[in-house]
There are 2 protein chains.
Amino acid sequence: MTLTADQKRQAAQTHYAEGLGLCPARQLLEAISSKWVTLVMLDLADGALRHSELRRRIPGASQKMLTSTLRSLERDGLVTRLLTLSVPVRTDYELTPLGHSLLGVIHGMKEWADDNMDQVEEARGDYDSRRSSAG
Amino acid sequence: MTLTADQKRQAAQTHYAEGLGLCPARQLLEAISSKWVTLVMLDLADGALRHSELRRRIPGASQKMLTSTLRSLERDGLVTRLLTLSVPVRTDYELTPLGHSLLGVIHGMKEWADDNMDQVEEARGDYDSRRSSAG
DNA sequence: CTGTATCCTCTAAGATACTG
DNA sequence: CAGTATCTTAGAGGATACAG
């Protein structure tokens with residue numbers, strides 16, 4: 001069978017997008033852009049914390065989201081999980097060396113944001129007002 | 001009226017999450033984690049490009065996504081759009097100084113990813129095999 | 001205390017078709 | 001060539017209830 005131009009283009013797009021998913025930088029971006037990842041890592045920067053302590057520090061995260069965030073961090077080798085089988089149970093989370101090194105990148109982003117996001121805000125305001133008025 | 005403990009907790013979570021949305025670092029993360037943003041910015045690093053040229057370089061992005069990515073970059077003051085009313089029309093996109101400075105952060109992420117994502121990959125493999133086997 | 005299972009909502013991303 | 005409008009879908013995030 002022959003493909004139409006549209007079908008060929010779409011196949012090329014799909015192929016490219018699949019390759020993109022394997023790109024290291026893309027994977028990193030997807031890992032750290034999930035909503036609570038950076039907050040958890042920043043809280044763990046100074047040492048291990050219990051699950052309940054993390055909940056206290058990040059009240060916006062539901063229990064489910066906190067657990068799933070920690071699971072993916074553990075899976076990625078960025079955080080270790082230490083389970084103590086007492087009554088009641090106790091779990092401690094701690095950054096791995098790899099996690100600590102990633103913290104450097106996160107701080108870089110945070111710094112740029114603190115220095116420049118007000119400019120971005122301003123640009124957004126300008127753009128939006130140009131849109132709504134006589135444009 | 002009185003609130004249950006659950007209702008109070010949830011109100012606190014909502015309030016916290018709203019504040020989080022205003023955090024500069026969070027906003028930055030949301031801006032650059034959208035799928036095509038970094039690719040577009042990297043392609044514009046060496047100079048202005050036309051819309052059609054960007055499409056050629058990033059075949060995975062549909063026309064709609066490329067346009068909407070460029071719009072949000074323009075709105076954020078990271079990219080300028082120059083429209084030339086010839087026949088056919090021509091538009092050129094170029095990084096602003098602010099956009100160039102953000103490129104530094106992006107390169108930092110890319111570098112960390114190139115250096116360390118193989119370790120992450122390995123950790124994922126280990127974690128998954130531990131899950132599937134005797135655990 | 002910590003973690004799982006279920007159900008629900010909202011939106012980013014994509015497919016498609018059309019206009020100046 | 002560049003852009004817009006509409007429809008659909010997959011998945012992240014959240015609410016709730018339950019379990020070891």
Side-chain angles (χ1 to χ4, degrees), chain A residues 4-18 20-21 26 29-37 39-40 49-56 58-75 81-93 131, chain B residues 4-18 20-21 26 29-37 39-40 49-56 58-75 79 81-93 131 135:
Chain A
T4 66
D6 269 8
Q7 284 172 325
K8 281 186 201 165
R9 182 164 41 71
Q10 197 177 320
Q13 285 189 5
T14 303
H15 182 258
Y16 181 93
E18 278 165 0
L20 184 66
R26 183 74 235 156
L29 216 41
E30 275 167 15
I32 69 178
S33 66
S34 121
K35 194 163 181 181
W36 305 105
V37 163
L39 283 175
V40 167
L49 289 177
R50 301 185 54 171
H51 179 108
S52 52
E53 179 63 10
L54 281 168
R55 274 213 83 182
R56 206 182 56 70
I58 314 177
S62 69
Q63 192 180 53
K64 177 198 159 184
M65 285 316 296
L66 185 56
T67 298
S68 97
T69 299
L70 287 163
R71 278 296 165 288
S72 78
L73 287 173
E74 188 195 0
R75 177 168 183 265
R81 172 167 174 265
L82 179 62
L83 181 66
T84 308
L85 286 168
S86 51
V87 180
V89 191
R90 160 183 190 137
T91 52
D92 292 83
Y93 293 93
R131 291 284 99 189
Chain B
T4 67
D6 268 9
Q7 286 172 324
K8 281 186 200 164
R9 182 165 39 72
Q10 197 178 318
Q13 284 190 4
T14 304
H15 182 259
Y16 181 92
E18 280 166 359
L20 183 66
R26 184 74 233 154
L29 217 41
E30 277 167 13
I32 69 177
S33 66
S34 120
K35 194 163 181 182
W36 306 105
V37 163
L39 283 177
V40 168
L49 289 178
R50 300 185 56 171
H51 179 108
S52 52
E53 180 63 9
L54 280 168
R55 275 213 84 182
R56 204 181 57 72
I58 314 176
S62 68
Q63 192 179 55
K64 178 197 160 187
M65 286 315 296
L66 184 56
T67 299
S68 99
T69 298
L70 288 163
R71 278 295 166 286
S72 79
L73 287 174
E74 188 193 359
R75 176 168 182 264
V79 155
R81 171 167 175 265
L82 178 62
L83 181 65
T84 308
L85 287 169
S86 50
V87 181
V89 190
R90 162 183 189 135
T91 52
D92 292 83
Y93 293 93
R131 292 284 100 189

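In what follows, chains are A, B, ... by sequence order, proteins preceding strands, each numbered from 1.
- Nucleotide dG14(C) holds its P atom 12 Å from the OH atom of Tyr16(A), rounded to whole Å.
- Considering only side-chain N and O atoms, Arg81(A) lies under 4.0 angstrom from the phosphate OP1 or OP2 of dG3(C).
- At whole-Å resolution of the value, CG in Leu83(A) and P in dT2(C) are 10 Å apart.
- For dG14(D), neither phosphate oxygen OP1 nor OP2 lies less than 4.0 angstrom from any side-chain nitrogen or oxygen of Gln10(B).
- Between Arg55(B) and dC1(D) there is no side-chain N or O to OP1 or OP2 distance below 4.0 Å.
- Atom CG of Leu66(A) and atom CZ of Arg71(A) lie 9.5 Å apart (nearest 0.5 Å).
- For Glu53(A) and dC1(C), the CD to C1' distance is 13 Å, given to the nearest whole Å.
- The base of dG3(C) is paired with the side chain of Gln63(A) by a donor and an acceptor separated by under 3.5 Å.
- When each of dC1(C), dA15(D), dT4(C) is scored by its nearest atom to the side-chain atoms of Thr67(A), the top-ranked nucleotide is dT4(C).
- The shortest distance between side-chain heavy atoms of Tyr16(B) and Ile58(A) falls below 4.5 Å.
- Each end of the helix from dC1(C)-dG20(D) to dG20(C)-dC1(D) gets its own axis from five base pairs, and the two axes differ in direction by 40°, given to 10 degrees.
- Nearest-nucleotide assignment on DNA chain C puts the 5′-proximal partner with Arg71(A), out of Arg9(A) and Arg71(A).
- Side chain of Met65(A), nearest nucleotide from dA2(D), dG13(D), dG20(D): dG13(D).
- Remark: the backbone N or O of Lys35(B) is paired with a side-chain donor or acceptor of Arg26(A) at under 3.5 angstrom.
- With distances taken from any side-chain atom of Trp36(A) to the nucleotides dA15(D), dT2(C), dG14(D), the minimum falls on dG14(D).
- If you check dG14(D), dA15(C), dT2(C) against the side chain of Lys35(A), the one that comes closest is dG14(D).
- The base of dG14(D) lies close enough to the side chain of Lys64(A) for a donor and an acceptor atom to sit less than 3.5 Å apart.
- Between Tyr93(B) and dC1(D) there is no side-chain N or O to OP1 or OP2 distance below 4.0 Å.
- Between Ser86(A) and dC1(C) there is no side-chain polar atom (N or O) within less than 4.0 angstrom of OP1 or OP2.
- Among the heavy atoms of the strands, none lies under 4.0 Å from Ser62(B).
- Between Leu70(A) and Leu54(A), the closest side-chain pair of non-hydrogen atoms falls below 4.5 Å.
- In this structure, Arg131(B) atom CZ and dT4(C) atom C1' are separated by 13 Å, rounded to whole Å.
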Quiz prompt | Full working for side chain to side chain contact (heavy atoms under 4.5 Å, CB included) between Leu39(A) and Leu20(B) | solution = CA-CA 10 Å; Leu39(A) 283 175; Leu20(B) 183 66; 3.5 Å; yes
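- dG11(D) atom C1' lies 12 Å from atom CD of Glu30(A), rounded to whole Å.
- Following rounding to the nearest Å, Gln13(A) (CD) and dT16(C) (C1') show an atom-to-atom distance of 12 Å.
- Here the straight-line distance linking atom OG of Ser68(B) with atom CD of Gln63(B) works out to 11.5 Å at 0.5 Å rounding.
- Rounding to whole angstrom units, CZ of residue Arg75(A) and C1' of dG3(C) are separated by 19 Å.
- Between Arg50(A) and dT2(C) there is a side-chain polar atom (N or O) within less than 4.0 angstrom of OP1 or OP2.
- When distances run from any side-chain atom of His51(B) to the nucleotides dG13(D), dC1(C), dG3(D), the shortest one goes to dG3(D).
- Straight-line distance from the CG atom of Leu66(A) to the P atom of dG3(C): 9 Å, rounded to whole Å.
- Considering CG of Leu29(A) and OG of Ser34(B), their distance stands at 9.0 Å, rounded to 0.5 Å.
- Annotation: side chain of Leu73(B) is not in contact with side chain of Arg81(B) (no heavy-atom distance under 4.5 Å).
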